[in-house]
Amino acid sequence: MSTLRLRPHHILCLQTFRGSGYSPDFVAGMKKIVAELKENAETSLQIVNICDDICHLCSNRNGWSCTSLRPSIFDVLVSGRYNILPGKEYTWKTLLSMLPPLSLELLEECCPNCQWLSLCRQIVSEETPVST
Ligand code: SF4
Ligand code: SF4
């Protein structure tokens, strides 16, 4: 299996994906990658700071760049806080272990003002067990 390319903040997006996205093609691409990672957590991913295999089918992509400025900020936040370094390769299992579990705090910290934030907050709220 070939190594997938992944932007740092997409570690979160892959976990919150429930079928919504920018276009049917984008959603189909996301579904394929999510299924691949679910089936094999040892899948290798190379961290990049340009457009990745998820961006590939996104209408916001322009060559190797994203037309939105925010994703690059999210990448810097995830990369800097969790030491996930562009150019390095990690398995999906390792990447999951390098970040805390999904939580509202993690979303606020890593994806401020994302256009999908309210949806992701709802998903995390509904699926995260309330601690007692
Ligand atoms: S809020 Fe945005 S960047 Fe964060 S996980 Fe959701 S879609 Fe990804
Ligand atoms: S919005 Fe930008 S970073 Fe997000 S998937 Fe599309 S091209 Fe990639």
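All ligand and atom numbering here is 1-based and tracks the order in the structure. Starting from 1, each residue takes its place in the sequence as its number.
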| field | H9 NE2 to I73 CD1 distance, which is reported to the nearest 0.5 Å | value | 11.0 Å
| task | Establish, from distance only, whether the side-chain atoms of S44 and E89 form a donor-acceptor pair under 3.5 Å. | result | yes
| remark: Near C114 (heavy-atom distance under 4.0 Å), the atoms of ligand 1 are 1 (S), 2 (Fe), 3 (S), 7 (S)
| query | Would one find an N, O or S atom of C58, in either backbone or side chain, under 2.8 Å from atom 6 (Fe) of ligand 2? | reply | yes
| Which of the listed options, N62, D52, T67, N60, holds the heavy atom that is closest to atom 1 (S) of ligand 2? | N60
| Salt-bridge contact E127-R18 (side-chain N to carboxylate O under 4.0 Å) | yes
| message | Just verifying a value: how many Å separate T67 OG1 and R61 CZ, rounded to the nearest 0.5 Å? | response | 10.5 Å
| Side chain, backbone, both or neither: the part of H9 lying under 4.0 Å from ligand 1 by heavy atom | side chain
| Region of C13 that comes within reach of ligand 1 [heavy atoms, distance under 4.0 Å] | both
| Proximal atoms of ligand 1 relative to C111 (non-hydrogen, under 4.0 Å) | 1 (S), 3 (S), 4 (Fe)
| request: Ignoring hydrogens and angles, state whether a donor on the side chain of T94 or S97 is under 3.5 Å from an acceptor on the partner side chain. | output: no
| Atom indices of ligand 1 within 4.0 angstrom of T16 heavy atoms, with elements | 5 (S), 6 (Fe)
| Starting from atom 2 (Fe) of ligand 2, which protein heavy atom do you reach first, and at what distance in Å? | C66 SG, 2.3 Å
| query | Is any side-chain heavy atom of L106 less than 4.5 Å from a side-chain heavy atom of S103? | reply | yes
| task | List the closest protein heavy-atom neighbour of atom 4 (Fe) of ligand 2: residue, atom name, distance to the nearest 0.1 Å. | result | H10 NE2, 3.8 Å
| message | Suppose I only count heavy atoms of C55 and a 4.0 Å limit; which atoms of ligand 2 are within that range? | response | 3 (S), 5 (S), 7 (S), 8 (Fe)
| Are more than 12 heavy atoms from other residues, nucleotides or ligands located less than 6.0 Å from atom CG of N62? | no
| Charged N to carboxylate O under 4.0 angstrom, D52 versus R7? | no
| request: Give the numbers and elements of all ligand 1 atoms closer than 4.0 Å to a heavy atom of C120. | output: 1 (S), 5 (S), 6 (Fe), 7 (S)
| Which of the atoms in ligand 2, numbered in the order shown and given with their element, are less than 4.0 Å from a heavy-atom of F26? | 5 (S)
